[in-house]
2 protein chains.
Amino acid sequence: MSARTSPASAQSAAAPPFLTEPVEDYLKAIYELETRTGAAATTDVANALQVAPASVTGMIRRLAAQGLLDHVPYRGVQLTEMGRRAALRTIRRHRILETYLTQVLGYAWDRVHDEAERLEHAASDDLIERMSAALGHPTVDPHGAPIPTADGTVDERNHRTIADLTVGETVRMLRVSDKDPELLRYLAEIAMQPGVSITLLQRAPFDGPLTLRVGSGEQVVGSTLAAQVLVESLPVPEASASDAGSPSTRPRSARKSSR
Amino acid sequence: MSARTSPASAQSAAAPPFLTEPVEDYLKAIYELETRTGAAATTDVANALQVAPASVTGMIRRLAAQGLLDHVPYRGVQLTEMGRRAALRTIRRHRILETYLTQVLGYAWDRVHDEAERLEHAASDDLIERMSAALGHPTVDPHGAPIPTADGTVDERNHRTIADLTVGETVRMLRVSDKDPELLRYLAEIAMQPGVSITLLQRAPFDGPLTLRVGSGEQVVGSTLAAQVLVESLPVPEASASDAGSPSTRPRSARKSSR
DNA sequence: TGAAATATTTAGGGCGTGCTAAAATCACGC
DNA sequence: GCGTGATTTTAGCACGCCCTAAATATTTCA
Ligand SMILES: [Mn+2]
Ligand SMILES: [Mn+2]
Ligand SMILES: [Mn+2]
Ligand SMILES: [Mn+2]
């Protein structure tokens, strides 16, 4: 309270000034809310981190004082460049860890999130880069989420979900949230994994169940599940026209996320 | 402070009640001091953890209240069975992590300690056991320290050091402390690693340098270094008598450490 | 355009872990 | 046995992160 948020001064400093585990988790949560909805509200952060709203206000004050975010009282927060870099660093660690645990140590994809949630704060940059190298520098994690590069670049396009498909459309599954182990277990059961091809065969009215072809099988899923699975159009199904097409739908191209 | 330390109640509870990172480090440090010198003094713990003695007193009060150790004021502390189990769990994690980092991820042996010092608090039991399995359940870490088993058994014999050898004696290097990276780098340089055979060729008077055969090379080392390298006698050099011998010097047999 | 509902911040604590300075206790040599 | 230096504990405080209750600001909608 006594020290007014330091004037300009915090611009080019590249060295991270050591962030605690709670701070890293706040920044990560704010980053994710911000990219989804433009800004992060106190309540949303509180929900994401399972803490009381008053605790969020307190933490926000400290983070703003450190130059990690800008806070307009009653209006929400936005990360500064420094805050964004710190968030992406933690997200990179988290996703490389999840990939490593899955691919090298045989974890099921519904078990990696909790483990990575802790390890992301304890692993050194060196360890993370070694894991990344051991994996051949993967670009997506086991749930299909893009892995930011070490210099803070990440593919941040918004994707459609199965719920957005028109009947008859065939797409490729890209991604699903890593936060709900039960959902992940169920998806694995019905063979819905990133990369699999999905066709919407039928949609019942009034937000009813959707009938899908998933790989070579057929599944009926609810609309809640459908809305959580991100997909992308197949790059020109099997026609001969190979150029025009929808321009922004090339698979997996990294793009600078400079907001 | 208001709540008086709970009466007896804390005896057979096997479930660890979640220990914080500082608590795990205190227990580990106390365990190590205790096995070396019988009991842990406040000052020693303070030195080991690089905190003020008054901080140690405060922590000791809390740990005693939780039943993790017994404290006789002005006399030092001793771990309870619960405290000892918690300490050995952390030590197991630490040593498996060091082994994994070295053997799987290519870390040099002087870099693993700091990394393990943090990861030991964040890794789940599941992760540790997967790493152990991936390594074929190793029994010693990269510095030759024995790895406690999951049920709290560890080989705790005291070993001689190079400084204890008589001229002409040949031994096998067992272990060296993992705490001094510079020492470890130097040892690697002169090919002194656990398992290597060492012969004391010559010893200068007045605590002077020792001339050693290390593997196939020859080295001159100071007495400080010599005192830090633990060794064991070779199991009956190359005679035909295969039975009698010194009874307690069989290599690497695990022994219950019930104090 | 207000009043009710909702979101956010402030006020006032708690707990864990650290610190310094001062007091108390212990250990040892004379 | 006793003084003195070393060790240990107590007292008092700071900081980070969390909480609940109460106050305040914003949004919504009758
Ligand atoms: Mn995750
Ligand atoms: Mn986390
Ligand atoms: Mn170590
Ligand atoms: Mn540690």
Side-chain angles (χ1 to χ4, degrees), chain A residues 1-5 16-30 33-34 37-78 86 90 117-118 121, chain B residues 1-6 16-30 33-34 37-78 83 86 90 117-118 121:
Chain A
M1 190 67 19
S2 57
R4 177 168 302 279
T5 146
F18 179 72
L19 305 175
T20 64
E21 173 159 347
V23 165
E24 290 187 336
D25 282 338
Y26 270 86
L27 294 175
K28 217 173 40 149
I30 291 167
L33 290 167
E34 207 181 284
T37 70
T42 302
T43 311
D44 296 341
V45 178
N47 280 339
L49 297 176
Q50 297 279 76
V51 296
S55 305
V56 174
T57 302
M59 178 63 92
I60 279 173
R61 197 206 327 285
R62 285 194 297 274
L63 298 184
Q66 286 179 59
L68 290 163
L69 48 77
D70 294 318
H71 181 214
V72 184
Y74 293 99
R75 275 285 131 76
V77 295
Q78 250 184 318
T90 308
E117 198 56 57
R118 296 186 312 274
H121 313 289
Chain B
M1 201 57 28
S2 57
R4 178 166 301 279
T5 146
S6 61
F18 178 71
L19 305 175
T20 64
E21 173 159 346
V23 165
E24 290 186 337
D25 283 338
Y26 270 88
L27 293 175
K28 218 171 41 146
I30 291 167
L33 289 167
E34 207 180 285
T37 69
T42 301
T43 310
D44 296 340
V45 178
N47 280 339
L49 297 176
Q50 297 279 75
V51 296
S55 304
V56 174
T57 303
M59 178 63 93
I60 279 172
R61 197 205 327 286
R62 286 195 297 274
L63 298 184
Q66 287 179 58
L68 290 163
L69 48 77
D70 295 319
H71 181 214
V72 184
Y74 292 99
R75 276 287 132 74
V77 296
Q78 250 185 317
T90 307
E117 198 55 58
R118 294 186 313 274
H121 313 290

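Only a predicted model underlies this, so the values are computations on that prediction, with no experimental measurement involved. Residue numbers start from 1 in every chain, and the chains themselves are labelled A, B, ... in the order their sequence lines are given, proteins ahead of strands. Values below: all heavy atoms of this structure, side chains included; hydrogens, waters and symmetry mates excluded.
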Indicate, with a heavy-atom threshold strictly under 4.0 Å, whether [X] touches base, sugar-phosphate, or nothing.
X       : answer
A:Ser55 : base
A:Arg75 : sugar-phosphate
A:Pro22 : sugar-phosphate
B:Val23 : sugar-phosphate

**Request:** Please test A:Leu63 against A:Met59 for side chain to side chain contact (heavy atoms under 4.5 Å, CB included), starting from the C-alpha separation and ending with a verdict.
**Result:** CA-CA 6 Å; A:Leu63 298 184; A:Met59 178 63 92; 3.9 Å; yes
Starting at atom [atom1] of [X], determine the distance to atom [atom2] of [N], rounded to an integer number of angstrom.
X       : N      : atom1 : atom2 : result
B:Arg62 : D:dT10 : CZ    : P     : 14 Å
B:Asp25 : C:dT17 : CG    : C1'   : 13 Å
B:Tyr74 : D:dT7  : OH    : P     : 14 Å
A:Leu33 : C:dA7  : CG    : P     : 14 Å
B:Leu63 : D:dT9  : CG    : P     : 13 Å
A:Arg61 : D:dC15 : CZ    : C1'   : 14 Å
A:Ile60 : D:dC18 : CD1   : P     : 12 Å
A:Met59 : C:dT9  : CE    : P     : 14 Å

Within less than 4.0 Å of OP1 or OP2 of [N], is there a side-chain N or O belonging to [X]?
X       : N      : result
B:Thr20 : C:dT17 : yes
A:Tyr26 : D:dC18 : yes
A:His71 : C:dT9  : yes
A:Thr42 : C:dT9  : yes

**Asked** Could you walk me through whether A:His121 and A:Leu19 pass the side chain to side chain contact (heavy atoms under 4.5 Å, CB included) check?
**Response** CA-CA 9 Å; A:His121 313 289; A:Leu19 305 175; over 6 Å; no
**Prompt:** So how far is it from A:Arg61 CZ to A:Gln66 CD, rounded to the nearest 0.5 Å?
**Reply:**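 Spacing of CZ (A:Arg61) from CD (A:Gln66) equals 13.0 Å.
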**Message:** Please report the interatomic distance CD1(B:Ile60) to OH(B:Tyr26), rounded to the nearest 0.5 Å.
**Reply:**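 It comes to 8.0 Å.
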**Prompt:** Taking the side chain of A:Ala54 as its heavy atoms from C-beta onward, which of D:dT20, C:dA27, C:dT8 lies nearest to it?
**Reply:**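 From the listed options, D:dT20 comes nearest.
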**Main-chain N/O of A:Leu33 paired with A:Thr37 side-chain donor or acceptor, under 3.5 Å** =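 Here the side-chain-to-backbone pair exists.
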**Request:** For the pair A:Glu117 and A:Lys28, evaluate side chain to side chain contact (heavy atoms under 4.5 Å, CB included) and give the outcome as yes or no after the intermediate values.
**Result:** CA-CA 11 Å; A:Glu117 198 56 57; A:Lys28 217 173 40 149; 2.7 Å; yes
**Message:** Please list, in numerical order, the residues of residues 43-52 of chain A that have a heavy atom closer than 4.0 Å to any atom of DNA chain C.
**Reply:**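 Contacts with DNA chain C under 4.0 Å: A:Thr43.
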**Request:** Output, in order, the C-alpha distance, side-chain angles, deciding distance and verdict of side chain to side chain contact (heavy atoms under 4.5 Å, CB included) for A:Ile30 and A:Gln78.
**Result:** CA-CA 8 Å; A:Ile30 291 167; A:Gln78 250 184 318; over 6 Å; no
